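See structure below.
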Amino acid sequence: MKRYYQPEIETASREQILEWQNERLVKQVRHVWDNVPYYRAKMEEKGVTPDDIKSVADLHKLPFITKDDLREAYPYGLMGKPLSDCVRIQSTSGTTGKRVVAFYTQKDLDLWEDCCARAIVAVGGTKEDVCHVSYGYGLFTGGPGLNGGSHKVGCLTLPMSSGNTDRQLQFMTDLGSTIICCTPSYAAYLAESIHERGLRDQIKLKAGIFGAEAWRENMRHDIEEKLGIKAYDIYGLTEISGPGVSFECEEQTGMHINEDHFIAEIIDPDTGEVLPEGSKGELVFSCITKEAFPLLRYRTRDICVLSREKCSCGRTFVKMTKPMGRSDDMLIVKGVNVFPSQIETVLLAQGYPANYQIVVDRQNNSDTLEVMVEMTPENFSDSLVKITEMEKSLVAELKAMLGIYAKVKLVAPKTITRSEGKAVRVIDKRKI
Ligand code: DLL
């Protein structure tokens with residue numbers, strides 16, 4: 001049985017998809033030119049006008065948008081609709097403290113939820129399912145996006161949000177959850193908890209939709225085996241909408257990009273040059289249907305490969321590999337985006353020098369974040385009470401900036417190894 005939410009779109013011919021893309025891109029460029037002065041200025045600077053963009057083949061003429069643009073235009077500068085037409089804001093952390101704030105009209109929400117519904121149906125979701133959503137709700141897009149998709153499919157939706165494993169397991173067993181949506185690391189943690197408590201016979205899960213952070217095949221096999229389910233990947237980013245920009249089908253060999261809404265390109269991260277299909281490079285998205293936050297040629301910094309090889313599921317949308325890394329220094333810790341520059345901003349504001357080291361590790365399938373910070377000769381102390389107080393205060397400031405707990409360890413001045421070249425600020429010990 002084939003599993004599609006919108007079969008006429010998901011299995012459309014390549015010619016049809018290109019026709020939609022050409023028509024929508026031309027319209028979108030006009031919309032952005034008319035309504036987003038920030039992007040219009042960028043186009044003028046590059047000497048491009050809407051008349052130059054007649055089809056997808058002209059996409060490369062448009063300027064890129066980067067996270068720096070989001071910061072510069074924060075908060076309203078990239079909006080394509082007046083605030084009065086928007087109904088939702090979602091957000092995530094950005095570089096040096098400025099958050100990424102994305103706006104949605106009702107139509108934008110509708111399209112985003114369609115994308116999430118496609119992902120749920122692709123893993124076998126129907127109105128008979130109980131869809132247990134353990135992504136965070138609130139500003140993070142994971143919870144709200146899959147919640148909306150689950151409603152569209154008609155699943156009985158459990159808006160669990162993240163945390164409180166006891167309660168998660170109680171609902172899962174009492175209410176018979178059949179699909180679970182969460183980060184892969186939380187899925188692995190849940191799998192272990194279920195195993196430890198001997199609950200395997202009491203759960204009815206059949207599939208999981210896991211994304212928001214990198215995970216590899218060995219983790220997939222481990223989760224599938226422990227939970228007796230099929231584990232599927234889902235990808236997305238707040239700037240482009242949230243989860244559901246792409247999703248895995250039953251073939252489990254990469255994620256189909258929802259090309260009726262997003263045009264994907266692969267570029268060389270150093271030169272910005274568009275690379276031929278099959279090349280490994282940075283993924284760039286142009287949103288061709290979004291109204292409120294219509295980013296064009298947005299540089300995701302995610303490194304991956306695109307493939308148009310025929311998929312046995314029948315979908316004709318291009319597939320992307322799992323992201324293989326990033327072309328910037330963003331870390332994803334417990335599904336939360338963390339930039340070293342955010343940590344540095346906090347340290348400097350609190351009077352510490354920029355001599356620090358961030359250590360990321362994974363224990364019991366859960367990410368840990370530790371920041372080692374040098375004291376200055378001025379604030380140096382050998383009193384344990386004083387040091388603990390200083391550490392506590394930094395933990396609170398970092399929590400306010402990042403939204404997650406980071407352990408802080410203050411060390412004596414000049415103890416963090418100096419490097420002759422680039423300072424080694426981040427040590428990522430996770431094997432993913
Ligand atoms: O993580 C949206 C999301 C929520 C996706 C739930 C999937 C499930 P952001 O917080 O803006 O949005 O982070 C976006 O996370 O640029 C990737 O680097 C990374 N990422 C997202 N999905 C995956 C994935 C959400 N499946 C950033 N595999 C992206 C690897 C992923 N990395």
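These numbers come from a predicted model, not from an experiment. As the structure lists them, so they are numbered: ligands from 1, and atoms in each ligand from 1.
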For this session: Let me see the working for Ile203 and Thr173 under side-chain contact (heavy atoms from CB on, under 4.5 Å), right down to the final yes or no.
Result: CA-CA 5 Å; Ile203 60 161; Thr173 47; 3.9 Å; yes
For this session: To the nearest 0.5 angstrom, please state how far the OG atom of Ser193 sits from the CG atom of Leu169.
Result: 6.0 Å
Exercise. Say you draw a straight line from CD of Glu239 to OG1 of Thr300; how long is it, rounded to the nearest 0.5 Å?
Worked result: 9.0 Å
Quick test of your reading of the structure: of [options], whose heavy atom lies closest to [atom]?
atom	options	result
atom 25 (C) of ligand 1	Gly236, Ala102, Gly145	Gly236
atom 13 (O) of ligand 1	Leu331, Asn337, Leu237	Asn337
atom 30 (C) of ligand 1	Lys322, Arg301, Arg216, Glu213	Glu213

For this session: Please identify which atoms of ligand 1 are closer than 4.0 Å to at least one heavy atom of Gly142.
Result: 4 (C), 6 (C)
Problem set entry | Enumerated ligand 1 atoms positioned under 4.0 Å from heavy atoms of Ile234 | 7 (C), 8 (C), 22 (N), 24 (C), 26 (N)
Exercise. Do the rings of Phe262 and Phe285 sit parallel, tilted or perpendicular, given the 30° and 60° boundaries?
Worked result: perpendicular
Exercise. Of all the non-hydrogen atoms in the protein, which one sits nearest to atom 11 (O) of ligand 1, and at what distance?
Worked result: Thr238 OG1, 2.6 Å
Problem set entry | Shortest protein heavy-atom distance from atom 29 (C) of ligand 1, along with the residue and atom involved | Asp302 OD2, 3.2 Å
Would you kindly specify which portion of [X] sits under 4.0 Å from ligand 1, judged on non-hydrogen atoms: side chain, backbone, both or neither?
X	answer
Thr183	neither
Ala212	both
Ile332	side chain

Could you list the donor-acceptor pairs under 3.5 angstrom formed by side chains in residues 114-123, with sequence neighbours left out?
unit_1 : atom_1 : unit_2 : atom_2 : d
Asp114 : OD1    : Lys152 : NZ     : 2.8
Arg118 : NE     : Gln6   : OE1    : 2.7
Arg118 : NH1    : Asn258 : OD1    : 2.7
Arg118 : NH1    : Asp260 : OD1    : 3.0
Arg118 : NH2    : Gln6   : OE1    : 2.8
Arg118 : NH2    : Asp260 : OD2    : 2.8

For this session: Verify the distance criterion only: is there a donor paired with an acceptor across the side chains of Thr105 and Asp108 at less than 3.5 Å?
Result: yes
For this session: Count the heavy atoms belonging to other residues, nucleotides or ligands that lie under 6.0 Å from NZ of Lys204, then report whether that count exceeds 12.
Result: no
Using residues 31-40 as the side-chain source, report each donor-acceptor pair under 3.5 Å to any protein atom, sequence neighbours left out, with the distance given to one decimal.
unit_1 : atom_1 : unit_2 : atom_2 : d
His31  : ND1    : Asn35  : ND2    : 3.1
His31  : NE2    : Glu291 : O      : 3.1
Asn35  : ND2    : His31  : O      : 2.9
Tyr38  : OH     : Asp69  : OD1    : 2.6
Tyr39  : OH     : Pro63  : O      : 2.7
Arg40  : NH1    : Trp33  : O      : 3.3

Problem set entry | Trp215 N/O to ligand 1 N/O under 3.5 Å | no
